[in-house]
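Every chain is numbered from 1, with letters handed out A, B, ... down the list of sequences.
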Amino acid sequence: MSVALSAPDIKRALTRISHEILEKNQGASSIVLLGIPTRGAHLAQRIASIISEIEGVEISCGTLDITLFRDDLRLRAPKAIMPTTIPPSGVENCDVILVDDVLFSGRTIRSALDALGEIGRPRTVQLAALVDRGHRELPIKADFVGKNLPTSKSQSVRVLLSEIDGRDEVSIEGEAG
Amino acid sequence: MRHLLSIADFSKAEAISILDTANELARVSDGAVKKLPTLRGRTIVNLFAEDSTRTRISFEAAAKRLSADVINFSAKGSSVSKGESLKDTAMTLQAMGADAVVIRHFASGAAQRLADSQWMSGSVVNAGDGTHEHPSQALLDAFTIRKHLGLGKSDLEGLSVAIVGDVLHSRVARSNILLLSKLGAKVVLVAPPTLLPVGVESWPVSISYDLDSVIPFVDVVMMLRVQQERMTEMYFPNAREYSRYFGLNSDRMKSMKPGAIVMHPGPMNRGLEISAEVADSSRSVITEQVTNGVSVRMAILYVLLTGGALEAGGN
Amino acid sequence: MSAIDLVIKGAQLPDGSTADICIDGEYIVDVSSTYKGQAHTSIDGKGCVILPGLVDLHTHLREPGREDAETVLTGSRAGAKGGFTALSAMANTSPVADTAGVVEQVYRLGQEAGLLDVFPIGAVTQGLKGVTLSEIGAMADSVARVRVFSDDGNCVSDPLVMRRALEYIKKFGGVIAQHAQDPRMTVGSQMNEGEISARLGLKGWPAVAEEAIIARDVLLADHVQSRLHICHLTTAGGVEIIRWAKARGINVTAEVTPHHLLLTDDLASSYDPVYKVNPPLRTESDVHALRQALADGTIDIVATDHAPHPLEAKECEWQEAAFGMVGLETALSIVQMTMVDSGLMSWQQVADRMSHTPALIGGYENQGQRIAKGSYANLVVINPTKLWRVDRDLLLSNSSNTPYHGRELPGFVEHTIFRGKPTLLSGVISGEGGK
């Protein structure tokens, strides 16, 4: 096991992503952050609070559970469904930024796009991920990345967040193939 | 979990997980999303060998909201009642490629027979078998109690529930007794002694023959339907006398605890086991039961039909 | 000294002694400690128990009418496989055995099969309807010489009809075998009424529906001084009534089936109709009472109530399924397991309960005789230490509705001898019936 991001690394990465989001969207007025449970939801919260600190305004932030939209439900034991909370103003004509911890095959994001499509029609949908470990199976790309981590497929990336795990850390487990 | 046959088959934790899943599904359906792709490409057959429009519609709505293909096989007046065996019907459904069969049947144990046999390989959901069980109804009742009494995601510890009426012939009662006591509620059965089964002493319930002495102390009064044919089978002298002792009317409702609710699985005999005033009162959650039925049945289908390939060794 | 036909060497007799049984023609010609002479056939009986051929007082052979379930021939083969040398064919055939014509037909079919004696039972009432007496006298006088009358499957529920029947059969020393089931208390009943039926939502068949009829009928038998036999007793309460009646000197006998000595109502939890039988499987305490009563003689005999049904009658919902189990081929094993291996009964008592006494009740003079010189050579040789696994597809009965499929049972029936001829040799049916 090797540590890829320490707690300060994570903090810096999220701060940078926050600035990049503001820069790309020319401010915070139209953005809605939607975190993908479980860890993506906490990351979205953190980004929202960093942005509101910078801009001095409340940021719309919610969660988007994609369990019911997965394309591999036949293959996996049924997973508990996590809450989906969309800010009261909705997503119509907003710039939605999906937030997840690890970007891997891209299938989660595809499911998230399907889930989002059922909720409304944002002006744009963007993607922020704390880690991009490669091995995409779909034509999906992140707009904001905390760190690109080259991994082999047999390895696994473990993200710890203080809200759930008591501390912040990203590590890689297993041998590089 | 592959089949839903009896409440006795699953643990308290599993029951709570179904209720929690139903809760999330209800929130999704309450919002803008009316249709989820979850069961796209799966085929669910509603095999109804006995009339029950409301249960069939509820399962159908649940399956469709999850994008499953639904085939209604209403066997009343068709092959099943004309002597086609359950076996032949099951093999037909297997040939059609049914991923799940929701079965309502007049014979107790029909769902279990279907599940235990080698006749078909899909999941079996018991939507009411004879006078045995009706597990999805009990789950939606528990869901409604939990939601209505503001219990969030907890169990039903500390609650008292009265189940009133024809317990002997009621599959709703059997499933509710098992589920509510599993979830920690105290269940009291109120019925004339003729409508309680011999052997009821072994059930996790207390028993009363006097509705008035029970009503002021319970949080939920669940009324059971009295079938018309019971009248001619001497279970009680006549409908008037039944109603006088075991019917829920406005007078009796007045002695209920503040916040206590009235439930009924439907269809109701207004004026017999429940008066119109009570059925339409603010304590009645009867229409809410119907609404919740769809979410609970979505949760059941979700739990049974996801991960199927995993159990079959597909991953 | 010329060679005899058959000798069975070294088997243990019911009384525990060991002897060689010498058979010539239809008779036992000698029971000696060691036979030194010649024999055309010699069977090694070492380690086996030899009993008089078993006599079943309650068999459904289904012919005429339901030959898809069983015929007299297939039932005879199943009987021989189970060690029986006599069966009693119940009257609920189609047409019902309520005339001399039908009972003679069944009797002749038995003779033609030739594997054992088939004694037809006559219906008490026409069409088993419980209303009008059938031609009891004509059946008694027929070639079949019917002595046992029963509406089995139905109860003779009308007390006046029952009284008349009991009186009428005194003319020729007959007996009424009552299927004790109050019909009003058991409309649509599916299984024993109790905790299990309450849980399963299956309509109950209360013990009292059986006991009330038994109580009434022993009083009637007492009143008209006639002979009553109670079929398939299943309840502890029924045992008490029989015990009381016998103590009063009432001329009543009773039977128990092998399945009621072993199986209990909780088996219905599977909803598999292979466990659906009438009267129903009862509780553990009933089973205990039945075993005690059979051991102490309150219950006189074991009868199989062999009830074959075609596959489709059981491959369905419980409440749609037919009542009944096949039992001829497993009866002796179940009795050994429940009564002998448990220490409740000796082999001598097994011989009494399954051969001597049923023959006596039925008036079958050539059956159930002691294993002694001059008796008919009706015998069964059983290996009590050999285990065998029941396979419903290998039963000789035309039907496969056994509740013991897959079970390993003790006591393998090696040989059955009917009137001096082996009908079963080393577990294989022989002779004409084996075709």
(request) Using non-hydrogen atoms and a 4.5 Å limit, figure out which bit of B/S17 sits close to chain A: side chain, backbone, both or neither. (result) neither
(message) Please classify the contact between B/L25 and chain A as side chain, backbone, both or neither, with a heavy-atom cut-off of under 4.5 Å.
(response) side chain
(message) Would you say B/Q94 and B/S121 are linked by a side-chain donor-acceptor pair, where the criterion is simply a distance under 3.5 Å?
(response) yes
(request) Could you verify whether a donor N or O on one side chain and an acceptor N or O on the other, from B/R104 and B/T55, lie under 3.5 Å apart? (result) yes
(message) Looking at A/D168 and A/R46, is any side-chain nitrogen of the basic one under 4.0 Å from a carboxylate oxygen of the acidic one?
(response) yes
(request) Name the option with the most non-hydrogen atom pairs under 4.5 Å to chain B; the candidates are A/S111, A/A80, A/P83. (result) A/P83
(request) Between chain B and each of A/I81, A/I86, A/T67, count heavy-atom pairs under 4.5 Å; write down the option with the most. (result) A/I81
(message) Holding to ring-ring contact (aromatic ring centres under 6.0 Å, His included), I want the full list of residues that pass it with B/H132, two or more places apart in sequence or in another chain.
(response) C/Y271
